[in-house]
Amino acid sequence: MSAPNMSIATGSQPAEGVKDSSLASPQVTKKKSFYETGSDDGKAAFSGNSSASEASYDSNSSYLGSRIDRLSPIIDKLKINRGHQTVPGSFASLQADTGEPGEVDRKAWLTNWVEESAIHEHDSSFPCSIFSDGRSKVAPEDSISSKDVYREAYPKRPEPARGDDDNNDNSSYLDTQGTPKFSDRLTQLGYVQRLPDIDGKRHYRIELAIDKSLEEDKVRTRLMTISLSSSRLSILNRDGLQPKLASDLENFNNRLLEIKRSPISGYGVFAVCDLEPYTPILIERELFSASSFDLYKQLDALTEEQRKAYHALHGHRRTPSEDIRAAIWRTNRFSISSRGSIFLVASRFNHACNDRNNVNYAFDRAKRCMAFIVKNKVKSGSELFIQYGTGPSHLFATWGFRCTCGGCAGISEEACNAIESSNWEENDSLRSW
Ligand SMILES: C[S@@+](CC[C@H](N)C(=O)[O-])C[C@H]1O[C@@H](n2cnc3c(N)ncnc32)[C@H](O)[C@@H]1O
């Protein structure tokens, strides 16, 4: 669809504050700089001399309340994109035929460059959103997109302009019940400010308020990005050990999985309902991460309750004299950047070889949490397995157990003896992920 009268904010003029009356609160009682309400991240994002960052707003506004982390000033990045003719991804734009700012805000949306055309800036530059991590472009997987903002701003897509047949499809915005898809998305339109016309075209500054919880809502790993608000999970152990978790660990149940005794060995993790492929079943923050050099220091830093939970984990001693604290760490750690991280619930996953393991996992470095998803359909009551190592010999040499998963041939007595007599060569393999 082309938008012949669309114009993009240049941001070349300083923002004077919130001009728009419906996106920001009409009753501006207190003007406040974004520096005051943003998180540290948000502050960093505004460390440049963007005039937009000086914008004032009503901190009590439902749109720009304290949940808002930062605005995305359009202006700085114009220089970066100067001279380019196209940019992939989304950017802020305005719908055609807007009038006064009051009208503009209702029609403003983020639009996708690939899908829709827009009029370039007079200097061929493009407005972009700025993220606190310094990116200027909106990646396809970012939650900030035309549809997000659009959905936030409008429960229903407005009627297309007369004669604009291309614009008649709500399917990407609304689900079969007519309610917005992804309504959990939290991107919000900040405000729109009319600037002086340039070359007879209307010009606006558009600022996007990105809800702080937008980033917090996502768990990003190399396998998947999970939107917490649309998942049935929250990050377990996010703020330290949950009360009662140490004592309840052995009965843990998050309505997708539970810990209980396993026919394979000790405790295991089991599906409590039928699970579809790729269902996230557990997102758990690490209890701590350690190397063999600072393990005891990390353990000393745990609370009493955390330590109790740690000591309840299974620990395989390689020698009778091995310190049980080290044995527990070696038995349960997940390898992350050459350190070993402990996850209390995830420590109960048993291993299965070959196709028997049905759970994948990957780490979100920013949030320090491991996300587990099922690989294939899993029946309620089935045991959930991850893969620790490459086969029975490796498992025995590294963790000292003989695999009984049923998915492999196991390991013979002779092979075990051979490994044992090789003097338990120091094998520091970690479970990889
Ligand atoms: C990280 S723990 C897993 C949970 C453990 N079953 C428990 O009770 O806490 C690893 C230990 O579980 C046992 N285990 C895990 N997978 C196994 C398998 N496939 N066959 C036999 N034992 C297994 C071994 O004793 C291993 O050292």
Side-chain angles (χ1 to χ4, degrees), residues 236-237 241 245-254 257-271 281-282 284 286-290 295 306-320 322-336 339-361 363 370 372 375 378 381-413 415-416 419-420 424 427-433:
L236 189 68
N237 199 21
L241 192 68
L245 186 57
S247 47
D248 283 358
L249 211 53
E250 286 159 14
N251 301 310
F252 179 83
N253 182 325
N254 69 359
L257 56 80
E258 64 178 335
I259 294 177
K260 59 181 191 181
R261 303 297 299 187
S262 161
I264 300 287
S265 163
Y267 289 97
V269 182
F270 295 81
I281 48 170
L282 176 69
E284 183 174 9
E286 70 185 5
L287 182 62
F288 67 87
S289 120
L295 173 63
Q306 289 171 329
R307 207 167 307 141
K308 245 196 287 180
Y310 178 75
H311 278 275
L313 297 179
H314 174 69
H316 168 75
R317 283 192 170 100
R318 284 193 292 200
T319 62
E322 186 180 14
D323 187 322
I324 188 63
R325 292 172 297 171
I328 291 174
W329 177 64
R330 264 195 322 90
T331 304
N332 295 283
R333 64 194 174 177
F334 285 75
S335 164
I336 293 160
R339 292 171 72 79
S341 287
I342 294 294
F343 302 85
L344 291 172
V345 169
S347 285
R348 301 300 186 178
F349 279 108
N350 284 320
H351 160 95
C353 296
N354 305 320
D355 291 344
R356 256 321 142 89
N357 61 75
N358 45 17
V359 173
N360 261 333
Y361 53 101
F363 193 62
M370 195 72 91
F372 296 80
K375 286 161 62 171
V378 174
S382 309
E383 181 156 1
L384 296 159
F385 297 104
I386 58 172
Q387 184 173 14
Y388 298 179
T390 48
S393 304
H394 178 224
L395 296 169
F396 186 73
T398 310
W399 292 283
F401 70 88
R402 294 175 71 169
C403 188
T404 56
C405 74
C408 64
I411 181 171
S412 67
E413 199 67 35
C416 290
I419 291 171
E420 272 173 336
W424 287 117
N427 187 343
D428 249 348
S429 314
L430 302 176
R431 279 190 284 189
S432 57
W433 56 275

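Counting starts at 1 for both ligands and their atoms, in listed order. Only heavy atoms go into these numbers, but all of them, side chains included; no hydrogens, no water, no symmetry mates.
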For [X], which part has a heavy atom under 4.0 Å from ligand 1: side chain, backbone, both, or neither?
X: T331; value: both
X: S265; value: both
X: R348; value: both

Those atoms of ligand 1 less than 4.0 Å from some heavy atom in [X]:
X: G266; value: 8 (O)
X: H314; value: 7 (C), 9 (O), 11 (C), 25 (O), 27 (O)
X: I264; value: 17 (C), 18 (C), 19 (N), 20 (N), 21 (C)
X: C403; value: 19 (N), 20 (N)
X: N332; value: 1 (C), 2 (S)
X: R402; value: 20 (N), 21 (C)

Under 3.5 Å: N/O of Y267 near N/O of ligand 1 =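 Min N/O separation from ligand 1 is below 3.5 Å for Y267.
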At the 4.0 Å heavy-atom cut-off, does S262 count as touching ligand 1?
->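 No, that is not the case, since the closest heavy atom of the residue is not under 4.0 Å from the ligand.
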Can F385 be said to touch ligand 1, with heavy atoms closer than 4.0 Å?
->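 Outside the 4.0 Å threshold, so no.
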For atom 12 (O) of ligand 1, which candidate among N357, T404, N350 holds the nearest heavy atom?
->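 Looking at heavy atoms only, N350 sits closest to atom 12 (O) of ligand 1.
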Are the charged groups of R356 and E383 less than 4.0 angstrom apart, N to O?
->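 No, this pair does not count.
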Any donor-acceptor pair under 3.5 Å linking the side chain of N357 with the backbone of A352?
->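 Looks like yes, one N/O pair under 3.5 Å.
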Where the side chain of R318 meets the backbone of G400, is there a donor-acceptor pair that is under 3.5 Å apart?
->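 Pair absent, no side-chain N/O of R318 close to backbone of G400.
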What I'd like to find out is whether the side chain of [X] reaches to under 4.5 Å of the side chain of [Y], using heavy atoms alone.
X: F252; Y: L236; result: yes
X: E286; Y: F363; result: yes
X: I342; Y: R333; result: yes

Compute the centroid of each ring, for F334 and then for Y361, and state whether the two points are separated by less than 6.0 Å.
->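 So the answer is yes for these two rings.
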For the residue pair F372 and F349, categorise the inter-ring angle as parallel (less than 30°), tilted (30 to 60°) or perpendicular (more than 60°).
->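 Ring orientation of F372 relative to F349: parallel.
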For Y388, which of H394, H351, H316 qualifies under ring-ring contact (aromatic ring centres under 6.0 Å, His included)?
->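 Exactly one candidate clears the test, H351.
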